[in-house]
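Each remark here refers to the structure printed beneath this line.
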Amino acid sequence: MILSELSDIDLSYFGIKDNFFNTDNLINFIKFFSNKSSFFIHVEDKGKANFYSKLFKKLFPKIPQKNYYILDIHDGKEAIINIFNELKQKFPEFKVNNFFILDKDFDNIYPKTDKRYIRYKNLKKEKTFLILKRYCIENYLINDDLIKKFCFSHYEAKHKDSLIKNIKKIKKYTLYLSKYQYLNQLFETEDCFEINYYKYINIKKNNFEVKFSLLLKFIRDLSKGLKVNNCNKKNYCVDEICDINGKKFLEVLVHSLGKCSREYNQNFIQIEPLKNHLIEYGSDGNDFKILRKELKQIFSKKQ
């Protein structure tokens, strides 16, 4: 066994029913399978082991002959950090075979006195923590050329021009909302809420348009709630590559692609199939080379 997902293993053998994992179950699982050739890769995307398995196999086609278990049972960043602390207490030597992959989110651009930035810097010092250099794992899939390559091989030629325009608009729109998502989370207002990336768009066949009147109303309302530190007077820089919300970009893109072709199989246009196809198309691209470099310590033959 080289790269395994929990779905490949009969968990009932360990007294675990319906794939239910609490902290004790997970620790027992790791303890049972732990040996010199086993590695446990903890990811914060719950239920996405299949995606990570495809990604790792594509990035590292010559994975060394070791047993890798992708643990996709964690519900977010906090759960990953909690299990890290639990393992650290119960197994002092656990660092040898456990790795924890975290999304960067906005953690590196918060003020240096912010607790999230401080935690980010501390976790960066842990050799078993791999904090991506971009907002999320999806950011490595949103290369314009890669998406165009996929689209042009799956859609009729007549949609080519509109698809190029849509991709540019979607990226600009997502980046714009990502900036306000950052402001919203930075100041943690009492009415802090998750920004709805679908609410301010209007998608018609072959076209992607922003409902500017509705979007501006949202910005005005949000600005009223962000009265701390005169935030509206400051220039907060959100990087197009590293800080854009990649998950939301792909979700809005999928929503848009579904309107582009009446003849296309609508069942295919879902976020997970799209991500899997982009993995296949993008394995030789520069973004994947960057990601491979970030993750190489897990699959290093020197281990």
Side-chain angles (χ1 to χ4, degrees), residues 41-46 48 51-52 54-56 58-60 70 72 74 76-78 80-81 99-112 114 116-117 119-126 128-150 167-168 170-186 194-195 197 236-254 271-272 274-299:
I41 305 172
H42 302 256
V43 297
E44 61 174 289
D45 295 302
K46 194 171 185 178
K48 296 297 187 292
F51 166 74
Y52 277 93
K54 290 180 184 295
L55 180 63
F56 293 153
K58 202 68 178 179
L59 290 173
F60 304 94
I70 303 173
D72 65 338
H74 306 292
K77 183 177 294 186
E78 297 299 329
I80 290 276
I81 295 173
F99 287 92
F100 306 84
I101 300 177
L102 294 180
D103 293 338
K104 178 185 74 65
D105 299 322
F106 298 122
D107 291 351
N108 71 315
I109 59 175
Y110 287 128
K112 293 183 178 181
D114 190 286
R116 290 161 294 189
Y117 177 83
R119 184 177 69 174
Y120 163 79
K121 295 297 288 185
N122 288 335
L123 291 178
K124 289 274 287 183
K125 298 176 184 177
E126 295 284 349
T128 55
F129 267 91
L130 298 175
I131 302 179
L132 301 175
K133 294 182 179 179
R134 301 185 183 183
Y135 182 88
C136 60
I137 196 77
E138 284 80 4
N139 283 51
Y140 299 86
L141 302 177
I142 60 175
N143 177 278
D144 288 358
D145 292 334
L146 169 61
I147 294 172
K148 290 175 186 177
K149 183 178 179 181
F150 164 78
I167 292 170
K168 291 181 179 179
I170 293 169
K171 177 171 284 188
K172 186 175 181 180
Y173 168 77
T174 309
L175 180 64
Y176 185 76
L177 281 188
S178 294
K179 176 182 177 180
Y180 282 95
Q181 179 188 338
Y182 167 66
L183 288 172
N184 195 30
Q185 293 175 197
L186 170 60
E194 183 177 355
I195 292 178
Y197 280 71
Y236 293 95
C237 182
V238 176
D239 183 81
E240 179 179 324
I241 295 177
C242 294
D243 302 322
I244 188 173
N245 190 326
K247 287 185 176 70
K248 294 303 181 183
F249 171 85
L250 288 180
E251 289 174 5
V252 176
L253 176 67
V254 165
I271 186 68
E272 294 308 320
L274 174 63
K275 285 164 59 174
N276 289 337
H277 276 264
L278 291 177
I279 289 175
E280 294 299 321
Y281 280 85
S283 59
D284 297 326
N286 188 55
D287 292 277
F288 274 40
K289 291 178 182 178
I290 294 172
L291 181 58
R292 185 184 296 115
K293 186 176 181 180
E294 290 182 35
L295 299 177
K296 70 178 181 179
Q297 73 182 82
I298 298 179
F299 301 104

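- Of the possible polar contacts, one joining the Ser178 side chain to the Asn245 backbone as a donor-acceptor pair under 3.5 Å is found.
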Original post:
After noting the C-alpha distance and the side-chain angles of Val43 and Ile137, does the key distance pass the side chain to side chain contact (heavy atoms under 4.5 Å, CB included) rule?
Top reply: CA-CA 10 Å; Val43 297; Ile137 196 77; over 6 Å; no

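- Ring orientation note: the planes of Phe106 and Tyr110 are nearly perpendicular, at an angle over 60° on the 30°/60° scale.
- The shortest non-hydrogen separation linking Asp72 to Asp45 is CB-O, 3.7 Å.
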**OP:** For the pair Ile244 and Lys171, evaluate side chain to side chain contact (heavy atoms under 4.5 Å, CB included) and give the outcome as yes or no after the intermediate values.
**Re:** CA-CA 8 Å; Ile244 188 173; Lys171 177 171 284 188; 4.1 Å; yes

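- The cationic atom of Lys275 (NZ for Lys, CZ for Arg) lies less than 6.0 Å from the six-membered ring centre of Phe51 and within 45° of the ring axis.
- Checked by atom type and distance alone, the side chain of Glu44 pairs as donor or acceptor with a backbone atom of Asp103 at under 3.5 Å.
- Thr174 contributes atom OG1, which lies 10.0 Å from atom CD of Glu251 (distance to the nearest 0.5 angstrom).
- If you check the side chains of Gln181 and Tyr176, you find no donor sitting under 3.5 Å from an acceptor.
- Contacts of Tyr120 classified as side-chain hydrogen bond (donor to acceptor under 3.5 Å, both in side chains), with partners at least two apart in sequence or in another chain: none.
- Distance check, rounded to the nearest 0.5 Å: CD of Gln185 to CG of Asp114 gives 11.0 Å.
- Between Leu123 and Ile81 the shortest side-chain heavy-atom distance falls below 4.5 Å.
- Between Tyr197 and Phe249, the gap from one ring centroid to the other reaches at least 6.0 Å.
- Rounded to the nearest 0.5 Å, atoms CG (Asp243) and CG (Asp107) are 10.5 Å apart.
- Few gaps surround NZ on Lys104; more than 12 heavy atoms of other groups in view lie less than 6.0 Å from it.
- Every residue meeting the side chain to side chain contact (heavy atoms under 4.5 Å, CB included) condition with Lys58, not counting sequence neighbours, appears here in chain and number order: Ile279, Glu280, Ser283.
- No side-chain heavy atom of Leu102 sits less than 4.5 Å from a side-chain heavy atom of Leu130.
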Original post:
Would Leu295 and Phe56 satisfy side chain to side chain contact (heavy atoms under 4.5 Å, CB included), going step by step from the backbone distance to the final call?
Top reply: CA-CA 9 Å; Leu295 299 177; Phe56 293 153; 3.8 Å; yes

Original post:
Under the salt bridge (Lys or Arg N to Asp or Glu O under 4.0 Å) criterion, do Arg119 and Glu78 qualify, and how do the steps go?
Top reply: CA-CA 11 Å; Arg119 184 177 69 174; Glu78 297 299 329; 2.8 Å; yes

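- At distances below 3.5 Å, at least one donor-acceptor pair connects side-chain atoms of Arg116 with backbone N or O atoms of Leu186.
- Atom CD1 of Ile131 sits about 11.0 Å away from atom CD of Glu294, to the nearest 0.5 Å.
- For Tyr117, the ring pair (Phe, Tyr, Trp, His ring centres under 6.0 Å) test picks out no residue, with sequence neighbours left out.
- Ring orientation note: the planes of Phe129 and Phe100 are close to parallel, at an angle under 30° on the 30°/60° scale.
- A salt bridge is defined here as a Lys NZ or Arg NE, NH1 or NH2 lying under 4.0 Å from an Asp or Glu carboxylate O, and Asp144 with Lys168 fails to meet this definition.
- Counting only heavy atoms from C-beta outward, the side chains of Leu278 and Asn143 never approach each other to under 4.5 Å.
- In summary, Lys247 and Glu138 engage in a salt bridge, as defined by a charged side-chain N under 4.0 Å from a carboxylate O.
- In this structure, NZ on Lys172 lies 11.0 Å from CD on Glu240, to the nearest 0.5 angstrom.
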Original post:
So Ile298 and Ile41, side chain to side chain contact (heavy atoms under 4.5 Å, CB included) or not? Walk me through it.
Top reply: CA-CA 8 Å; Ile298 298 179; Ile41 305 172; 3.9 Å; yes

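- Contact annotation: the side chain of Ile142 never approaches that of Leu253 to less than 4.5 Å [non-hydrogen atoms, C-beta and beyond].
- The side-chain hydrogen bond (donor to acceptor under 3.5 Å, both in side chains) test applied to Asp145 returns no partner, not counting sequence neighbours.
- By the ring pair (Phe, Tyr, Trp, His ring centres under 6.0 Å) test, Phe288 pairs with no residue at all, sequence neighbours left out.
- Applying the side chain to side chain contact (heavy atoms under 4.5 Å, CB included) rule to Arg134 yields the partners Asn139, Tyr140, Ile241, Cys242, Asp287, Ile290; only residues at least two apart in sequence or on another chain are considered.
- Leu55 has its side chain out of reach of Asn276: every pair of non-hydrogen atoms, C-beta onward, lies at least 4.5 Å apart.
- Here NZ of Lys179 is found 14.0 Å from CG of Asn184. Values are rounded to the nearest 0.5 Å.
- Within a 6.0 Å sphere centred on NZ of Lys133, other residues, nucleotides and ligands contribute 12 heavy atoms or fewer.
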